[in-house]
Amino acid sequence: MQPKQPKRGVSNRTRTIIFIVLTFVIGAALLLTSSNNQNLEKTTISSVIQRANSGEISKLSVTNERIEVTKTGDEDPTEYAIRDTSGSLQEQGLTNADVELEFESSQGGAAFWIGVAGQFIVPLIIIGVIIMMFRSAQGQGSQAMSFGKSKARLYGNEKDTVTFKDIAGNDNAKEDLEEVVDFLKNPKKFSAVGAKIPKGVLLVGPPGTGKTMIARAVAGEAKVPYFSISGSEFVEMFVGVGASRVRDLFSKAKKNAPAIIFVDEIDAVGRKRGSGMGGGHDEREQTLNQILVEMDGFEQGQNVIVLAATNRADVLDPALLRPGRFDRRVNIGLPDRGDREAILDVHFKNKPKAKDVDIKALAGKTAGSSGADLANIVNEAAIKTARRNAKKITNKDVIGAFEKVAIGPERKKSMMSEEEKELTAYHEAGHAIVGHVLPESDMVHKVTIVSRGHAGGVTWFIPERDEAYHTIGWYKDVLARIMGGRAAEKIIYGAENITTGAGGSDLQKAAEIARDMVMNMGMGSGDLRDLVFSTDDGMMLGRMTHEKLYSEETANRIDTEVAKLMKEAADRAEEVIKANKALVEKLKVQLLAKETVEADEILEIFKGAKYPASAKL
Ligand code: ADP
């Protein structure tokens, strides 16, 4: 969720305009005050009286401070004298009654005020301008003055509060959190029987599964304010800032208790600390310590509950997970088929859709997608509909959106030459036939040689149903079908003519799966079977560290085993392709003609495909 930027009082443009106007005013004021004395010559009061008595002066203009002198025959004053206020002009010796005397109560209206402006207003304006410049520097650039403040956002008063009803599926998580809602709503009920209210709940699950949404819903259900901050926001350039942000955040929440604090990506600050080499002075560590101190400092009855989200609970510092801290854990997994349908329903709810939109089928095809992915598909479908100026979302929009989200946007303009197109067609047909023939592989859903995203072409497999577990056979079949692309190239063009087509993604993906099989799933052969090999991930001196918990010799054996699995997969793929070369040719022809071939047609083309004994495990 994108936080709303708080509005500043004065926009940049207004500030510039004020600045220019002020410069003019100050300039004009200074000009006027100085021009006031410009053409008048200074003289003494005795000289004025003497010349007035002898008839050389026709008019004297008297103000509080001075006397301006107009000589006989002149129209305007040409001299001035500082006034002696101890007595009147007559008392000072003026006898000539013909001299016109003009008394002004002050230095003469505008000029007086300009004088005042010069003395008081101008400095005030200058101070104002300095303050404004200072504030704008603070606002845009360094935020120097608000460093120690947390950037927590308060959502308590929003009208569009989220409740559990807005969250489809995730029933177990909702059930677990129902209890937290109850704590916040009726704390007395629990304290009456001496039960301690939990302080921290860890929400663990892959990105996009609705952890943020669920935290908001807990606040929404309990009708309490919700403060949200991301772990990475705690950590800034300067040491100590994170810790002071934590203090600020907790004090805000305590003031608004009962309340919820939601810390997203807690692993950004809460990773396991290194083995002491950081010296305990590193910024992240201080921030983490401050979180622990604050949580320990909650008094009973304070009623602030911290929900924290992560997708890697295994990397968290054990200190965070101790009783009294994040001692409760709610797992939020990827949605199953039923939940996917429910999530799609929620997101389609306020959108006009045609009758042909098949939500059930889409839910079936989207195994492995998170709630956020599904929301994204629905939104893409709506965008597609709007772009063709239609009023209702059709199934075609939905399928287009699904494919765009799953494998990237279609590149309409092909940069490929005819030869490259043919090579891509063979490559994809290779994947397709191996996937089709091997018994545990998923169904071929679609094959295309239209570029999508980064891929030159795509062969798309979709599992028939959601499966929580996969056999070693499934993994081996998946490895073989991934190697099928390059295997086809080898058989058609010869081993020495292989291209980069497979290098980038296919081989990398296969190597990743093979390594995962050996290291994390105990699927290596011989005495590596049933063993797992882990690395200890931690932070030291601000860097991630991966410490191997096995010997160099074992590391070599793992590498050998990974290579063996990949070779086996490549050999099986070649065997399948050799046995079904005619069918590969047939699909290639069809791909060159139509660019995209759908599931039904592929089944038709591959009728009678053989599973040679040499490819069997
Ligand atoms: P996370 O915090 O786990 O990364 P979010 O809570 O930010 O995930 O979810 C992102 C978006 O995905 C939500 O705004 C919502 O639109 C959608 N979403 C995820 N799970 C669900 C769900 N169970 N029901 C409805 N929408 C969901």
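Both counts, for ligands and for their atoms, begin at 1 and track the order of listing. When a residue number appears, it is its place in the shown sequence, counting from 1.
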Compare every heavy atom of Ala511 with every heavy atom of Val562, then report the nearest pair and how far apart it is.
CG1-O, 4.2 Å

Can you name the nearest heavy-atom pair linking Met523 to His470, along with the distance?
CE-O, 4.2 Å

Below 4.0 Å from ligand 1: does a non-hydrogen atom of [X] turn up there or not?
X	value
Gly205	no
Asp166	yes
Arg216	no

Arg388 atom CZ: more than 12 heavy-atom contacts under 6.0 Å
yes

Yes or no on ring-ring contact (aromatic ring centres under 6.0 Å, His included) for Trp474 and Phe461, after CA distance, side-chain angles and deciding distance?
CA-CA 13 Å; Trp474 181 84; Phe461 296 90; over 10 Å; no

At a 4.0 Å threshold, what atoms of ligand 1 neighbour a non-hydrogen atom of [X]?
X	result
Ile167	23 (N), 24 (N)
Asn170	23 (N)
Gly371	12 (O), 17 (C), 18 (N), 19 (C), 20 (N)

Residues that Ala217 engages under side-chain contact (heavy atoms from CB on, under 4.5 Å), provided they are two or more places apart:
Val162, Phe164, Ile167

Who gets closest to atom 9 (O) of ligand 1 by heavy atom: Ala168, Pro206, Gly210?
Gly210

Contacts of type salt bridge (Lys or Arg N to Asp or Glu O under 4.0 Å), residue Lys548, not counting sequence neighbours:
Glu552

Does ligand 1 have a heavy atom under 4.0 Å from the side chain of Thr212, from its backbone, from both, or from neither?
both

So, Glu595 and Thr448: side-chain donor and acceptor under 3.5 Å apart, yes or no?
no

Using distance alone, decide if ligand 1 has a nitrogen or oxygen within less than 3.5 Å of any nitrogen or oxygen in Pro207.
no

Is there a polar contact between ligand 1 and Lys211, counting only N or O atoms under 3.5 Å apart?
yes

